[in-house]
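Comments concern the structure below.
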Amino acid sequence: MHALLVQQPSLFDGLAATVELDAPLGGLTWFKVGGCADALVTPKTTDALSTLVTRCHETGTPLRVLGSGANLLVADEGVDGVVVRLDAPCFHTVEFDRDGPAPVRAWAGADLMKLVQECARRGLDGLSQLAGIPASVGGAITMNAGGAFGDTAQAVSSVGMLTHSGVRSDISAAEAGFSYRHTNLPRGIVLWADLALMSGDRETIRARVKEIFAYKSRSQPMADRSAGCMFRNPVEASTGLRTSAGRLIDEAKLKGFSCGGAYVSPVHGNFIALREGGSATDVLAVAAEVQLRVLERTGVRLEREVVVWSRRGELP
Ligand SMILES: Cc1cc2nc3c(=O)[nH]c(=O)nc-3n(C[C@H](O)[C@H](O)[C@H](O)COP(=O)(O)OP(=O)(O)OC[C@H]3O[C@@H](n4cnc5c(N)ncnc54)[C@H](O)[C@@H]3O)c2cc1C
């Protein structure tokens, strides 16, 4: 019998959820590689999600949340424990026209790109800076996704969470402690975000979304199998300001460098992409070599932005 099914109390008994054991995860990520999760669980309700989180907490079962898999590499060996997908309709809902200063509540499973388009269509301003970023709302909040035009935090007034022990809590943007590609949210699952969007001119917002999308398409290999920027932009010691990791990689003449099926994109030095037949191990090998060569050349140790899941937990 599967290791997860012999646990007492059973994790999945009577749970309103779809459970797939030894589920391949690669197809659910942008890299399209990696091994299986012991269990991939898609709860049908927030109560079922809450029960699952509590049971995992009580049994010490590792639990991870999968968004749209755009910032994630799953190791070839796969991941232990439970991976949750917020794919049921209740987690995809976007509530418009709510009263108060944050008129939109977007649930964590909602698609960010569609949300940006829909807000523009409704003449709601405040999300155009995120045009073209592939993400679920939960993933965008967790990573504080953003770029040259701004970040997710700018639009968020509060975040609804289910903590790792199964407790619901509402967290203000100030408490969430958003910073560059990071938050201080407690460990757990983002359920929704309340967005403080303003009414604006629909055509102006749409034009802005189009312009930012075009900029991204020109400067990044959007159609390749990658997870966006592999490394965080490091802080320059002399100025205290962030500098482009892509530029450091470019200056180290690493564009096009490859190991197995993985390569540094010739379009953008901070994107590591995969060819057909490549593996997660290839991506990690390229990332390690890039880190080493940039360190040797500049003394800067690049930190990975892409999250890596493995059976040894989240790799540093
Ligand atoms: C072509 C391309 C372009 C990109 N461009 C950008 C860019 O311009 N700017 C940028 O910031 N990023 C960019 N990225 C990276 C990616 O889009 C963002 O990091 C995005 O926020 C990831 O969201 P996701 O839903 O795919 O999260 P996933 O990749 O599924 O997960 C990432 C992390 O978030 C956690 N997570 C996901 N959902 C939840 C939840 N509900 N609750 C708690 N934790 C959760 C996961 O457990 C994991 O640790 C790009 C990626 C690609 C492939």
Side-chain angles (χ1 to χ4, degrees), residues 25-26 28-32 34 37 40 43 46 49 53 62-74 79 81-88 91-92 106-116 129-154 159-164 171 176 178-183 185-193 212-213 215-233 245-246 265 267-268 270-274 283 304-310 313-315:
L25 292 181
L28 303 176
T29 69
W30 275 62
F31 269 124
K32 306 231 173 301
L40 178 64
T46 43
L49 175 65
V53 169
L63 179 136
R64 299 173 175 86
V65 199
L66 178 65
S68 69
N71 198 53
L72 186 63
L73 179 68
V74 177
V79 297
V82 168
V83 170
V84 174
R85 255 186 114 187
L86 303 181
D87 214 23
F91 298 113
H92 278 247
W107 283 73
D111 181 89
L112 182 72
M113 287 218 234
K114 286 189 188 149
L115 178 64
V116 169
Q129 71 278 14
L130 304 179
I133 300 181
S136 63
V137 166
I141 295 287
T142 307
M143 302 304 303
N144 189 18
F149 302 93
D151 61 17
T152 308
Q154 283 171 239
V159 176
M161 297 257 334
L162 193 57
T163 65
H164 74 292
I171 295 166
F178 287 104
S179 57
Y180 169 75
R181 305 296 163 266
H182 179 76
T183 73
L185 286 168
R187 215 150 47 86
I189 299 181
V190 172
L191 290 178
W192 46 256
I212 293 175
F213 191 83
Y215 168 84
K216 262 186 85 72
S217 306
R218 269 196 315 275
S219 53
Q220 299 178 359
M222 297 295 290
D224 289 355
R225 289 163 53 192
S226 79
C229 288
M230 178 56 69
F231 301 104
R232 296 160 62 80
N233 288 331
S265 169
V267 179
H268 190 304
N270 204 3
F271 277 57
I272 296 178
L274 259 186
V283 175
R304 208 177 43 231
E305 181 172 313
V306 170
V307 175
V308 182
W309 286 352
S310 80
E314 208 170 283
L315 297 186

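Indexing begins at 1, ligand by ligand and atom by atom, following the structure's order. No hydrogens, no waters, no symmetry mates; every other heavy atom, side chains included, goes into these values.
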Hey, is ligand 1 close enough to [X] that some N/O pair sits below 3.5 Å?
| X | result |
| --- | --- |
| Val307 | no |
| Val190 | yes |
| Met222 | no |
| Ala70 | yes |
| Gly139 | yes |
| Asn144 | no |
| Glu305 | no |
| Asn71 | yes |

With rounding to the nearest 0.5 Å, note down the distance linking [atom1] in [X] to [atom2] in [Y].
| X | Y | atom1 | atom2 | result |
| --- | --- | --- | --- | --- |
| Asn71 | Met230 | CG | CE | 9.0 Å |
| Trp30 | Asp224 | CH2 | CG | 10.0 Å |
| Asp87 | His92 | CG | NE2 | 4.0 Å |

- Message: Has Asp111 got a side-chain atom pairing as donor or acceptor with Ser136's backbone, closer than 3.5 angstrom?
- Response: no
- Query: With no hydrogens and no angle check, is any side-chain donor or acceptor of Arg181 less than 3.5 Å from a backbone partner on Gly146?
  - Reply: yes
Output the list of atoms in ligand 1 that are nearer than 4.0 Å to some heavy atom of [X], sorted by atom number.
| X | answer |
| --- | --- |
| Leu72 | 29 (O) |
| Ala145 | 11 (O), 21 (O) |
| Trp309 | 47 (O) |
| Ala227 | 15 (C), 51 (C), 52 (C), 53 (C) |
| Ala108 | 41 (N) |
| Gly188 | 43 (C) |
| Leu86 | 41 (N) |
| Ser136 | 24 (P), 25 (O) |

- Is there a heavy atom in Met161 that sits closer than 4.0 Å to ligand 1? no
- Query: Does Gly147 come within less than 4.0 angstrom of ligand 1, counting non-hydrogen atoms of the residue?
  - Reply: no
- Summary of side-chain hydrogen bond (donor to acceptor under 3.5 Å, both in side chains) pairs that have at least one residue in residues 138-153, sequence neighbours excluded: Asn144-Asp151
- Out of Pro134, Ala135, Ser68, the nearest non-hydrogen contact to atom 17 (O) of ligand 1 is supplied by Pro134
- Query: So which heavy atom on Pro43 is nearest to which on Phe91, and how close?
  - Reply: O-CE1, 3.6 Å
- Message: Could you report the tightest heavy-atom contact between Ser265 and Pro221, atom names first, then the distance?
- Response: OG-CG, 3.4 Å
- Query: More than 12 non-hydrogen atoms from neighbouring residues, nucleotides or ligands closer than 6.0 Å to OH on Tyr215, yes or no?
  - Reply: no
- Item | Contact partition for Arg181 relative to ligand 1, non-hydrogen atoms under 4.0 Å | side chain
